[in-house]
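First comes the structure, then the notes that go with it.
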Number of protein chains: 2
Amino acid sequence: MSKENLILKNFLAERNLRITSRRTIILEAFLKEEGHFSAEELYKKVAKNNSSIGIATVYRTLKLFQEAGLARMSQFGKGEARYEHNYLHGHHDHLICKQCGKIMEFENPVIEKLQKQIAKKHNFNVTSHRLEMFGICANCVSKQVS
Amino acid sequence: MSKENLILKNFLAERNLRITSRRTIILEAFLKEEGHFSAEELYKKVAKNNSSIGIATVYRTLKLFQEAGLARMSQFGKGEARYEHNYLHGHHDHLICKQCGKIMEFENPVIEKLQKQIAKKHNFNVTSHRLEMFGICANCVSKQVS
DNA sequence: TTAGTTGCAAATCGTTTGCATCAAG
DNA sequence: CTTGATGCAAACGATTTGCAACTAA
């Protein structure tokens, strides 16, 4: 049993919630995912082998994963939200290609530090933050030229 | 006639679009707004004196203002988008209070520079970016304590 | 047996769109 | 006149919710 499985189990136990077949199936599919995916995408993979699972359950379960600290959600612009693993995967920011949709991650401790200074200057108590750069990735730029 | 009025007029003329009573009314209301407001909020102010204007027109007109460079839109998390003046009002980032909804602005050239370096390192062609910090503002913190 | 869980469809929210009518040029 | 602009209501996409049936403990 994976570490994530145990985390979820404990999380559910603490709140008198149940370990159900659906939650187990969705967790397995979630763990197989890499990068940033939408609820719809996860739903499709799950539904391929378990056609009776509804998308509402996927949404409900992803919310549970977030509360348990396994998943993290980001909303890039409008449209669908994207989810990613959170456990053993620290804070980072994003570069988002508007052409192909590719999402790259980066971390910059200097920026983080400057952010803290700015917040302090405004007496602002930061609970979360995000930095996103939108544009065209190297791959798409070269395609455009050719 | 305001400078913004002229900008819009030129923008419309260039594309064979029309200066209509609705566009004039919405521009006036838009110019009176300060800070960050939603389409709904602008619509309500406009509709107070002009009950026949529909919210669809407000949305259509705000899109026009963005194209003309007069307005800028941001999407904070999910939910409604917020608009602000863009003309004579340079790029900046946001501190958003989750309690009272207040939005503060800041600029930090060092962060901007670091962002450019990061993009370069990834061969990423940035067209826009945004940095947002969410949390509790000084005012709300003091209210909580008392 | 007693809650919590699920699928389904309907509801929601912010925004966009089709269409017939209206008005700017 | 001709074509763009508008109001209205219906459509939209992503997500949430009510509810009756189901199932874990």
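Below, read A as the first sequence line, B as the second, and so on, with proteins coming before strands; counting in each chain starts at 1.
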Find every protein N or O atom lying less than 3.5 Å from an N or O atom of nucleotides 17-19 of chain D, and list the pairs.
none

Quick one: [X] [atom1] to [N] [atom2], roughly how many Å, whole number?
X: A/E80; N: D/dC12; atom1: CD; atom2: C1'; answer: 14 Å
X: B/I26; N: D/dT6; atom1: CD1; atom2: C1'; answer: 10 Å
X: B/F65; N: D/dA5; atom1: CZ; atom2: P; answer: 13 Å
X: B/Q75; N: C/dG14; atom1: CD; atom2: C1'; answer: 9 Å
X: A/K78; N: C/dT16; atom1: NZ; atom2: C1'; answer: 9 Å

**OP:** Let me see the working for A/H122 and B/E105 under side chain to side chain donor-acceptor pair (under 3.5 Å), right down to the final yes or no.
**Re:** CA-CA 10 Å; A/H122 286 80; B/E105 301 179 355; over 6 Å; no
Original post:
By a strict heavy-atom criterion of less than 4.0 Å, which residues belonging to residues 13-25 of chain A are in contact with DNA chain D?
Top reply: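 Hits under 4.0 Å, by residue number: A/R18, A/I19.
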**OP:** With a 4.0 Å heavy-atom cut-off, tell me which residues in residues 40-55 of chain B come close to DNA chain D, sorted by residue number.
**Re:**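 When residues 40-55 of chain B is checked for heavy atoms under 4.0 Å from DNA chain D, the hits, listed by number, are B/S52, B/I53, B/G54.
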**OP:** Would you indicate whether the side-chain heavy atoms of B/Q115 and B/V126 approach each other to under 4.5 Å?
**Re:**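 The answer is no, as the side chains (C-beta and beyond) never meet within the 4.5 Å cut-off.
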Original post:
Out of curiosity, B/F65 CZ to B/R23 CZ, how far, rounded to the nearest 0.5 Å?
Top reply: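 The CZ atom of B/R23 is 9.0 Å from CZ of B/F65, to the nearest 0.5 Å.
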Original post:
To the nearest 0.5 Å, what is the distance between CG (A/L8) and CG (A/L6)?
Top reply: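 Interatomic distance, A/L8 CG to A/L6 CG, rounded to 0.5 Å: 9.5 Å.
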Subject >> Any donor-acceptor N/O pair, B/N50 side chain to B/S52 backbone, under 3.5 Å >> reply: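 Flag not set: sc B/N50 to bb B/S52 has no pair under 3.5 Å.
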Original post:
So, do A/H85 and A/F30 have ring centers that fall under 6.0 Å from each other?
Top reply: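 Ring centres of A/F30 and A/H85 closer than 6.0 Å.
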Original post:
Between B/H94 and B/F76, does the ring centroid distance fall short of 6.0 Å?
Top reply: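 Judged by ring-centre distance (under 6.0 Å), B/H94 and B/F76 do meet the cut-off.
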Original post:
A/L12 or B/A39: which one's nearest nucleotide on DNA chain C is closer to the 5' end?
Top reply: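 Upstream on the strand: A/L12.
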Shared hydrophobic cluster for [X] and [Y] (ILVMFWY, side-chain gaps under 4.5 Å):
X: B/F37; Y: B/L70; answer: yes
X: A/L17; Y: A/Y59; answer: yes
X: A/F134; Y: A/F106; answer: no

Subject >> Test side-chain contact (heavy atoms from CB on, under 4.5 Å) applied to B/H36 and B/E84, B/E41, B/R72, B/K102, the passing residue >> reply: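 The single option meeting the side-chain contact (heavy atoms from CB on, under 4.5 Å) with B/H36 is B/E84.
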Subject >> A/Y59 vs D/dT15: side-chain N/O to OP1/OP2 distance below 4.0 Å >> reply: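 The answer is yes; a side-chain N or O of A/Y59 sits under 4.0 Å from OP1 or OP2.
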